[in-house]
Amino acid sequence: MSAYCLLLPDGSRIPYRLELRPRKTIGMRISVEGLIVHAPQRISQSQLEQILLSKINWIQRKLETRQERVIETMQWRDGANLLLLGNTIKLSVKQHNHSRAIAYRAGVLQVALPGVEDELAIARKVLQWYQKQALTDFGRRIELLAAKLDVPTPKLFISNARTRWGSCNSKNEIRLSWRLLQAPPHIINYVTAHELAHLKEMNHSVKFWTVVERIFPDYRNAEQELKSLAKKLYVIG
Ligand SMILES: [Zn+2]
């Protein structure tokens with residue numbers, strides 16, 4: 001079983017696991033980790049990816065549906081657990097008639113709202129906070145790693161993507177999902193390094209991984225860790 005990335009025409013990627021089987025047709029299923037493809041042993045990578053691209057609407061719809069099911073489990077109320085940079089933090093919700101403040105202090109994300117039962121309002125507030133923090137946090141990492149790779153710092157956009165962590169394009173723009181802010185710092189560094197390396201190599205060739213390795217030597221372990229983390233990082237949102 002091997003991990004691959006399907007490159008879409010818009011430059012974004014969908015990670016998938018490939019399992020080669022003694023069979024004649026291609027089968028796909030969506031697991032908690034994402035897309036799993038069963039393919040005949042003799043198929044070439046480019047043939048396979050062409051077939052996957054022809055079924056991209058189905059794949060994306062299924063991935064989204066799976067995320068929606070997972071997300072229902074998050075309960076937006078006082079005392080709930082959240083993840084920040086790999087640590088579990090507490091959500092504190094306090095009733096306040098005139099304030100809608102949000103602040104993070106010593107492992108607690110404190111939210112003040114007129115209605116403490118208003119889960120939608122709490123969720124919106126917390127997600128806005130994550131997106132704002134993500135922009136600052138990822139921006140700093142991109143700057144450092146771009147300097148290490150000796151490329152100009154690309155423009156960073158924060159995405160809300162559920163099915164991919166990052167993407168980049170030829171306009172020197174990188175998109176990272178704010179959901180990554182829940183992951184440990186080395187995982188965020190890995191995804192950042194991966195996208196930066198695509199600015200030099202727009203594929204997943206050996207050359208590409210050599211570039212990744214230059215700025216993030218332990219990329220193999222990080223890639224594995226990210227896969228097993230994926231389910232956790234989808235819970236909120
Ligand atoms: Zn990639």
Side-chain angles (χ1 to χ4, degrees), residues 1-19 28 30-31 33-37 39 44-53 55-56 59-60 63-64 67 134 138-139 141-146 148-231 233-234:
M1 196 153 90
S2 322
Y4 291 93
C5 246
L6 179 65
L7 188 64
L8 305 189
D10 68 355
S12 60
R13 275 169 294 282
I14 293 181
Y16 67 93
R17 283 191 167 281
L18 179 60
E19 294 174 16
M28 289 181 291
I30 308 290
S31 80
E33 285 181 25
L35 176 62
I36 296 180
V37 179
S44 77
Q45 195 66 20
S46 64
Q47 263 177 319
L48 173 68
E49 302 221 331
Q50 217 152 34
I51 293 168
L52 292 181
L53 282 175
K55 300 191 188 313
I56 195 62
I59 294 172
Q60 281 180 320
L63 285 169
E64 290 288 325
Q67 291 325 324
F138 302 169
R141 292 174 204 278
I142 284 191
E143 242 176 64
L144 287 167
L145 288 165
K148 219 168 159 180
L149 196 59
D150 203 21
V151 293
T153 304
K155 191 153 173 46
L156 168 66
F157 295 90
I158 298 300
S159 85
N160 192 29
R162 285 175 176 167
T163 51
R164 57 189 94 111
W165 303 118
S167 64
C168 65
N169 61 32
S170 49
K171 287 185 282 179
N172 208 34
E173 296 171 346
I174 283 186
R175 279 176 176 72
L176 295 173
S177 171
W178 63 264
R179 285 163 218 281
L180 272 175
L181 192 68
Q182 301 170 94
H186 67 280
I187 297 294
I188 307 174
N189 287 341
Y190 162 64
V191 177
T192 308
H194 184 121
E195 295 309 327
L196 278 170
H198 275 311
L199 298 178
K200 290 207 158 200
E201 291 290 327
M202 273 288 181
N203 50 47
H204 290 110
S205 60
V206 177
K207 231 168 135 190
F208 165 79
W209 290 109
T210 314
V211 179
V212 174
E213 196 170 20
R214 237 165 67 205
I215 49 170
F216 197 93
D218 198 21
Y219 69 90
R220 280 192 189 88
N221 285 332
E223 178 82 26
Q224 282 310 312
E225 213 181 310
L226 180 60
K227 289 224 166 67
S228 53
L229 261 177
K231 197 183 158 196
L233 304 190
Y234 284 133

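Ligands are counted one by one from 1 in listed order, and the atoms in each one are counted from 1 as well.
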So, Thr192 side chain and Ile142 main chain: donor-acceptor pair closer than 3.5 Å or not?
no

Which protein N, O or S atoms sit under 2.8 Å from the Zn ion (ligand 1)?
His194 NE2, His198 NE2, His204 NE2

Does the distance from a Lys or Arg side-chain N to an Asp or Glu carboxylate O, for Arg13 and Glu195, drop under 4.0 Å?
yes

Check whether any side-chain N or O of Gln182 sits under 3.5 Å from a backbone N or O of Arg179 as a donor-acceptor pair, and report yes or no.
yes

Taking atom types as modelled, find out whether His194 and Tyr190 have a side-chain donor-acceptor pair closer than 3.5 angstrom.
yes

Straight-line distance of Gln60 CD to Glu64 CD, nearest 0.5 Å
7.5 Å

May I have the step-by-step check of side-chain contact (heavy atoms from CB on, under 4.5 Å) for Glu201 and Trp209, ending in yes or no?
CA-CA 9 Å; Glu201 291 290 327; Trp209 290 109; over 6 Å; no

